[in-house]
Amino acid sequence: MDVLNLGMVGGGTVGSGVFHALQQNGELLACRIGVRIQVRKVAVKAVDEPRPYPIPRRLLTTDWRQVVEDPEVHMVTELVGGTTVARQIVETALRLGKPVITANKALLSAHGPELFRKAERHGTNLYFEASVCGGIPIIKALREGFVGNRIRALYGIVNGTCNYILTRMARDRAGFDAVLKEAQREGYAETPPDLDIDGHDAQHKTGILASLAHGIWIPPSKIRVEGIRSVSPLDLEFASQLGYTIKLLGIVKELGSADATDGETPLQVSVYPALIPSRHVLAGVQGVFNAVFVRGDVVGETLFYGQGAGKDATASAVLSDLADAALDLRFGSPRRRPAFVRQPNRVRVVPMDEVVSRSFVRLSVVDRPGVLARIAAVFGQAGIGIASVIQPEGHTGEIVPLILMLHEAPDGAVRRALGRIGRLPVVKAPPVRFRVESLD
Ligand code: NDP
Ligand code: HSE
């Protein structure tokens, strides 16, 4: 059978997962695509490092150039991470006309447009299915499955580490730091994990999904990001009592129809922890699982679900790209449809301050008559309506929690009002606020 040689750079969680999956299912893959993929070399940082799956010593090198520049290597995986060496690896391979398969959403987010242009210039392709949602084939779905749809809304739980932490905190009352350590042990978290918990990994992925859905490159600077550090056990508990679950969501949502003057559709692209109705299917997505809810104008509502991080799930996505790359090399679809094609419906990313949503607010206030009136007055002056107020019983002491559900209001107005409320002498800690998404 026809054989193609694969050069791998990175043999850690994902890299060793890919090596193992090729051993496990290489024959099956070869039967299905008519080409056998053979690992020729694997570059790592230190050959003696323990790996989730073993890689034979004879295949290992510490010089990635030996792998990428080997004339016998036909295609390259970049499974290193980061944006420095990884960028050099990808650029070198593309310059040599070799297809590259990457799981590196940080790299795509920082340098996507120039890397895709480079691939095109050198008559090859950059494949990135593994960069978003681990094992869920969401890139293929958006690019191919929904090619006939305009994407009206997309809500994604796209970070496995954050979903794992939020699930364990809500379900098992586990502490943030301990659960983060578990996620790191399982190989889910980025290095450093701040990329996950501050929302940047989700921002990178949401940018890729938004760009695919709307045909323009949406850089991270246009995507509002808030991570999960501000979510406390108290918030999870109060949200649950109100019938909500807190999830870190990537949101790509058309906010109306095209503006009459410039013909552009306003679009929200953001990442933040949000309250979603506990009865919604996304609320049931637990642990390291991810899910993407897509609403297309032809297809209606669809849901994609699967493990969003980890060696095996991510390896599955890399294998799918390897198959595409091998088929492209052998049977030529030399230049795949570019990833980001300008579409007739133009979109404009709306500044977050203008986005309108409902809010959940938790305040730590002095337990004294008249406090609520002062807070309500600030919201009233800002034109923000209060839908409900809860002062849970059973909290003793001078400082007690006060929960408010706010009616829809522009983000900027809520932010400014909370700034004023936070400065009131009766408010004893910075206000905590999460947006409420009905996912309609
Ligand atoms: P790991 O840290 O587990 O693996 C990184 C690999 O790169 C290691 O094998 C390391 O070598 C090697 N490496 C580092 N520097 C160099 C270098 N200069 N030259 C050669 N090799 C080098 O990371 P992951 O496998 O978790 O992540 C890889 C990529 O996949 C990242 O972009 C990540 O964002 C992405 N990703 C990760 C997922 C996951 O669940 N972990 C899921 C989806 C995407 P050594 O082994 O010797 O240390
Ligand atoms: N750190 C990422 C996550 C890995 O937890 O989702 C998968 O992209």
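Side chains of Glu182 and Tyr188 form no contact here, defined as non-hydrogen atoms less than 4.5 Å apart. Using a 4.5 Å cut-off on side-chain heavy atoms (C-beta onward), Val389 and Leu372 make contact. When side chains are defined from C-beta on, Val100 does not count as touching Tyr127, because their heavy atoms never get closer than 4.5 Å. Using a 4.5 Å heavy-atom threshold, the side chains of Gln241 and Glu237 count as touching. Between Leu22 and Leu322, the closest side-chain pair of non-hydrogen atoms falls below 4.5 Å. Counting only heavy atoms from C-beta outward, the side chains of Lys41 and Met8 never approach each other to under 4.5 Å. The shortest side-chain heavy-atom distance between Val132 and His204 does not fall under the 4.5 Å cut-off. Counting heavy atoms from C-beta on, the side chains of Leu255 and Leu267 never come closer than 4.5 Å.
Although no hydrogens or angles enter the test, the distance criterion places a donor-acceptor pair under 3.5 Å between the side chain of Thr302 and the main chain of Val294. At distances below 3.5 Å, not a single donor-acceptor pair connects side-chain atoms of Arg420 with backbone N or O atoms of Arg416. In this structure a side-chain-to-backbone donor-acceptor pair under 3.5 Å is present from Thr61 to Asp63. Using modelled atom types, one side-chain atom of Thr167 and one backbone atom of Gly287 make a donor-acceptor pair closer than 3.5 Å. A donor-acceptor pair under 3.5 Å is absent between the side-chain atoms of His214 and the main chain of Ile216, judged by distance alone. At distances below 3.5 Å, not a single donor-acceptor pair connects side-chain atoms of Asp201 with backbone N or O atoms of Leu195. Side-chain atoms of Asn159 come within 3.5 Å of backbone N or O of Thr161 as a donor-acceptor pair. Without hydrogens or angle criteria, Gln184 side chain to Gly187 main chain gives no donor-acceptor distance under 3.5 Å. Side chain of Asn104 to main chain of Leu107: a donor-acceptor pair is present (N/O by atom type, distance under 3.5 Å, no hydrogens or angles). Without hydrogens or angle criteria, Asp367 side chain to Val400 main chain gives no donor-acceptor distance under 3.5 Å.
A pairwise comparison of heavy atoms in Ala325 and Pro99 identifies CB-CB, 4.2 Å as the closest pair. Closest approach of Glu254 to Ile151, counting heavy atoms only: OE2-O, 3.8 Å. In terms of heavy atoms, Ala409 sits closest to Val414 at CB-CG2, 3.8 Å. Shown here for Arg150 and Thr265, the closest heavy-atom pair between the two residues is NH2-OG1, 3.1 Å. When all heavy atoms are compared, the tightest approach of Leu94 to Asn125 is CD2-O, 4.0 Å. Residues Gln203 and Ile223 approach most closely at NE2-O, 3.1 Å, considering heavy atoms.
For the atom pair CG (Leu303) and CG (Leu282), the distance works out to 6.0 Å, reported to the nearest 0.5 Å. The CD1 atom of Ile101 sits 5.5 Å away from atom CE of Met75, with the distance rounded to the nearest 0.5 Å. In this structure, CG in Asn163 is found 12.0 Å from CG in Asp196, a value given to the nearest 0.5 Å. Summarising the geometry, atom CD1 belonging to Ile218 is positioned 5.0 Å from atom OG belonging to Ser211; distances are rounded to the nearest 0.5 Å. Note that CG of Asn25 is 12.0 Å distant from CD1 of Ile37, once rounded to the nearest 0.5 Å. In this structure, SG in Cys133 is found 9.5 Å from NZ in Lys105, a value given to the nearest 0.5 Å.
Using a 3.5 Å distance cut-off with no hydrogens or angles, the side chains of Thr245 and Arg279 do not pair a donor with an acceptor.
Annotation for Lys118: atom NZ counts as buried by contact number, over 12 foreign heavy atoms lying within 6.0 Å. Taking a 6.0 Å sphere around CZ of Arg374, one finds it holds 12 or fewer heavy atoms contributed by other residues, nucleotides or ligands. Other residues, nucleotides and ligands contribute at most 12 non-hydrogen atoms within 6.0 Å of the CZ atom of Arg32.
The cationic atom of Arg435 (NZ for Lys, CZ for Arg) lies less than 6.0 Å from the six-membered ring centre of Tyr272 and within 45° of the ring axis.
With salt bridges taken as basic N to acidic carboxylate O contacts below 4.0 Å, none links Glu437 and Arg358. Using a 4.0 Å cut-off between charged nitrogen and carboxylate oxygen, Arg433 and Asp411 count as a salt-bridge pair. Here Glu49 does not pair with Lys45 in a salt bridge; the nearest charged N to carboxylate O distance is not below 4.0 Å. Salt bridge Lys140/Asp321: absent, no basic N to carboxylate O contact under 4.0 Å. Looking at Arg87 and Glu114, a side-chain N of the basic residue comes within less than 4.0 Å of a carboxylate O on the acidic one, giving a salt bridge.
The aromatic ring centres of Phe116 and Phe128 sit less than 6.0 Å apart. Side-chain rings of Phe360 and Tyr244 stay apart, their centers remaining 6.0 Å or farther from each other.
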Original post:
Step by step, would you call Glu129 with Arg143 a salt bridge (Lys or Arg N to Asp or Glu O under 4.0 Å)?
Top reply: CA-CA 11 Å; Glu129 183 64 69; Arg143 223 151 104 151; over 6 Å; no

Subject >> salt bridge (Lys or Arg N to Asp or Glu O under 4.0 Å) between Asp177 and Lys181, intermediate numbers included >> reply: CA-CA 6 Å; Asp177 293 334; Lys181 285 208 175 76; over 6 Å; no

**OP:** Applying side-chain contact (heavy atoms from CB on, under 4.5 Å), run through Ile386 and Leu406 and close with a yes or a no.
**Re:** CA-CA 4 Å; Ile386 298 174; Leu406 305 181; 4.0 Å; yes

**OP:** Kindly indicate, with the supporting measurements, whether the criterion side-chain contact (heavy atoms from CB on, under 4.5 Å) is fulfilled by Leu108 and Leu126.
**Re:** CA-CA 10 Å; Leu108 293 178; Leu126 177 58; 3.9 Å; yes

**OP:** Determine, stepwise, if the pair Leu242 / Ile403 fulfils side-chain contact (heavy atoms from CB on, under 4.5 Å).
**Re:** CA-CA 10 Å; Leu242 291 162; Ile403 313 298; 4.3 Å; yes

**OP:** Take Val349 and Val347 through the side-chain contact (heavy atoms from CB on, under 4.5 Å) test and state the conclusion after the steps.
**Re:** CA-CA 7 Å; Val349 179; Val347 293; 5.7 Å; no

**OP:** Under the salt bridge (Lys or Arg N to Asp or Glu O under 4.0 Å) rule, what do Arg295 and Asp440 come out as? Steps first, then yes or no, please.
**Re:** CA-CA 10 Å; Arg295 186 178 298 122; Asp440 293 336; over 6 Å; no

Give the table of side-chain donor-acceptor pairs shorter than 3.5 Å for residues 11-20, with sequence neighbours excluded, one pair per line with atom names and distance.
from  : atom 1 : to    : atom 2 : distance (Å)
Ser16 : OG     : Gly12 : O      : 2.7
Ser16 : OG     : Tyr53 : N      : 3.4
His20 : NE2    : Gln24 : OE1    : 3.4

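Under the 30°/60° scheme for interplanar angles, the aromatic rings of Phe293 and Tyr155 are found to be tilted.
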